[in-house]
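Bear in mind that the values here come from a model prediction, so they are computed numbers and not experimental data.
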Amino acid sequence: MTAAPPVPPPVPLSRNRDYRLLWGGQALSEFGFHSALIAFPLLVLALTGSGAASGLVMGTIAAAQMVAGLPAGVLVDRYDRKAIMLGCEAAQAVSAISLVAAVWAGAATVWHMVAVAAVFGASAALFEPAESASLPALVADEHLPTAVAMNTARASMGQLAGTATGGFLFAVGRFVPFLVDAVTHTLSFVVLLFVRLPRRERPTGGAGPLGREALAGLRWVWRERRIRVTVVCAVVLNLFFSAYYLVVIVLAESRGVPSGEVGVMAAMLGVGGVLGALVAPVLHRRLGPYGGIIAVFWALAVLAPVTVLMDSGYLIGVLFALIALFPPTANTAIMTEQLLRTPDELRGRLTSTLVLACGAASAAGPALGGSLAQALPGDRALLLCSAGMAAAAVLATLSPTLRTLSRRHETGRPATAD
């Protein structure tokens with residue numbers, strides 16, 4: 001009886017051609033997207049002078065993402081994921097080109113920009129679950145945490161670079177940020193053509209109505225205890241930090257912190273996020289899933305109340321950078337756990353559910369923070385947010401479900417929930 005041939009080790013990410021192509025193409029795409037995003041309100045204000053119209057265009061992007069969120073997950077699970085990603089890139093490139101032509105001809109209207117914004121938002125809602133659901137097919141299980149962390153770093157760097165560049169490009173010409181966006185999405189489309197994504201088996205049982213399949217995905221997420229608890233952790237983190245962030249801005253303004261320093265605060269948050277994403281693979285290996293998740297809760301609980309003692313926007317910016325170091329590690333732990341435990345035919349709906357839930361929390365957080373800042377003095381509102389974070393940190397630390405996340409998967413197959 002001959003021995004089975006040895007299984008070759010998985011290809012590392014540095015030599016994983018398909019992952020590198022996908023990552024590089026999306027780095028371009030996200031740079032262009034954020035360049036256009038910062039230019040949208042500038043263009044509306046330049047053409048109409050209306051803050052309300054500017055809010056309408058920007059709100060359309062978020063609204064389209066929310067409305068398309070759950071149906072997007074169903075479509076990602078039902079159809080070819082690479083085709084969906086290609087369609088999203090093509091739609092954004094064409095819509096951006098249409099806006100470039102309209103601005104160049106002096107024929108741009110608010111409703112045209114609203115339509116382009118809707119395409120951007122719906123495309124983002126489709127692309128993110130399609131890419132996330134495809135990751136386990138592109139990289140080995142042991143490399144999935146690093147791939148998730150690198151995607152987080154890519155998103156943070158794209159946001160920082162695109163936002164910083166978009167204003168400059170708009171100063172060069174009103175159409176220039178959207179031209180850059182069209183070019184980057186076109187290049188991303190071409191790069192994506194060469195990504196070899198393994199063919200999936202069509203889900204059995206036929207396709208049902210979108211609403212029914214979306215609800216089936218939600219029910220599955222809720223039934224799986226480990227998945228449910230990690231989703232709740234992500235939602236709580238987004239809710240509390242969004243509330244805390246707004247309270248800090250209000251408190252800084254009440255203390256006379258110059259607007260330039262407030263801008264540095266926001267930039268340092270982004271810098272900390274990029275650095276955190278780069279070190280997330282190392283922290284994930286050192287801390288494990290359980291340690292990575294509770295670390296971000298305790299970082300917020302310990303560092304957030306220190307803001308009460310600070311009157312300098314620069315010092316608050318340093319504090320923001322320290323706080324932002326840990327969320328990418330928690331995101332890596334949560335996404336890796338969820339992707340490995342979720343069957344392939346449900347991964348699109350899993351991601352869309354998480355994005356929708358976190359988006360709702362991020363929208364509710366500023367409303368909560370604004371209400372607290374309105375009802376209480378700034379320092380008390382901040383301490384109340386910090387108390388909420390501390391309570392959440394205690395509950396996360398004591399959670400028996402989170403403790404089980406430290407158990408490694410014995411196979412590459414999705415584990416079953418207890």
For H112 and V57: C-alpha separation, side-chain torsions, deciding distance, then whether side chain to side chain contact (heavy atoms under 4.5 Å, CB included) applies. CA-CA 10 Å; H112 186 175; V57 173; over 6 Å; no

Go through H34 and Q159 one step at a time and tell me if the side chain to side chain donor-acceptor pair (under 3.5 Å) criterion holds. CA-CA 6 Å; H34 287 289; Q159 182 176 9; 5.0 Å; no

Would you please test L237 and L300 for side chain to side chain contact (heavy atoms under 4.5 Å, CB included) and show each step? CA-CA 9 Å; L237 284 172; L300 284 167; 3.9 Å; yes

Tell me, with the steps shown, if E224 and R341 meet salt bridge (Lys or Arg N to Asp or Glu O under 4.0 Å). CA-CA 9 Å; E224 299 297 317; R341 289 189 176 275; over 6 Å; no

Start with the C-alpha gap between L21 and Q26, add the side-chain angles, then the distance that decides, and say whether side chain to side chain contact (heavy atoms under 4.5 Å, CB included) holds. CA-CA 9 Å; L21 284 174; Q26 281 311 290; over 6 Å; no

Would you check, one step at a time, whether the test side chain to side chain contact (heavy atoms under 4.5 Å, CB included) holds for H185 with F189? CA-CA 6 Å; H185 281 299; F189 177 90; over 6 Å; no

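Between I97 and F178, the closest side-chain pair of non-hydrogen atoms is not below 4.5 Å. With contacts defined as side-chain heavy-atom distances shorter than 4.5 Å, the pair V248/Y244 qualifies. Proximity of L56 to W111: side-chain heavy atoms (C-beta onward) are separated by under 4.5 Å at one or more points. A heavy-atom distance below 4.5 Å is found between the side chains of Y19 and M150. Side-chain contact between S134 and M85 is present, with at least one heavy-atom pair separated by less than 4.5 Å. Under the 4.5 Å side-chain criterion, counting only non-hydrogen atoms from C-beta, S132 is in contact with M335. M389 is not listed as a side-chain neighbour of F297, based on a closest heavy-atom distance of 4.5 Å or more. No side-chain heavy atom of T146 sits less than 4.5 Å from a side-chain heavy atom of E142.
No side-chain donor-acceptor contact under 3.5 Å links T342 to the backbone of L339. Without hydrogens or angle criteria, D181 side chain to A96 main chain gives no donor-acceptor distance under 3.5 Å. Side chain of T351 to backbone of G348: no donor-acceptor contact under 3.5 angstrom is found. Distance alone, capped at 3.5 Å, places no donor-acceptor pair between the S188 side chain and the T184 backbone. Judged purely by atom type and a 3.5 angstrom limit, S399 has no side-chain atom pairing as donor or acceptor with the backbone of L395. Between the side chain of N16 and the backbone N or O of L138, at least one donor-acceptor pair lies under 3.5 Å.
Between K82 and D18, none of the side-chain N atoms (NZ, or NE/NH1/NH2) sits under 4.0 Å from a carboxylate O, so this pair counts as no salt bridge.
For the pair G369 and V247, the tightest heavy-atom approach, listed with the atom from each and the gap, is O-CG2, 3.5 Å. Across all their heavy atoms, A124 and P129 have their closest contact at O-CD, 4.4 Å. Counting all heavy atoms, side chain and backbone alike, V119 lies closest to A91 at CG1-O, 3.7 Å. For the pair P198 and A137, the tightest heavy-atom approach, listed with the atom from each and the gap, is CG-O, 3.7 Å. Closest heavy-atom contact between V116 and S98: CG2-OG, 4.1 Å. Closest approach of A304 and L382 over heavy atoms only: O-CD2, 3.3 Å.
Remark: T60 OG1 to M113 CE distance equals 11.0 Å, nearest 0.5 Å. Note that CG of L86 is 4.0 Å distant from CG of L192, once rounded to the nearest 0.5 Å. Summarising the geometry, atom CG belonging to L350 is positioned 8.0 Å from atom OG1 belonging to T230; distances are rounded to the nearest 0.5 Å. Once rounded to the nearest 0.5 Å, the distance linking OG1 of T353 with CZ of R228 reads 14.0 Å. Taken to the nearest 0.5 Å, the CG atom of L325 stands 9.5 Å off from the CG atom of L303. To the nearest 0.5 Å, atoms CG (L126) and CD (Q65) are separated by 10.5 Å.
When only modelled atom types and interatomic distance are considered, N331 and T152 share a side-chain donor-acceptor pair under 3.5 Å. No donor-acceptor contact under 3.5 angstrom links the side chains of T329 and H284, judged on distance only. Side-chain polar atoms of T404 and Y290 form no donor-acceptor pair below 3.5 angstrom.
Within 6.0 Å of the CZ atom in R17, the count of heavy atoms belonging to other residues, nucleotides or ligands exceeds 12.
Note: F320 and Y245 have tilted aromatic rings, judged against thresholds of 30 and 60 degrees for the angle between ring planes. Note on ring orientation: taking the six-membered ring where Trp is involved, the planes of F120 and F33 are tilted (angle from 30° to 60°).
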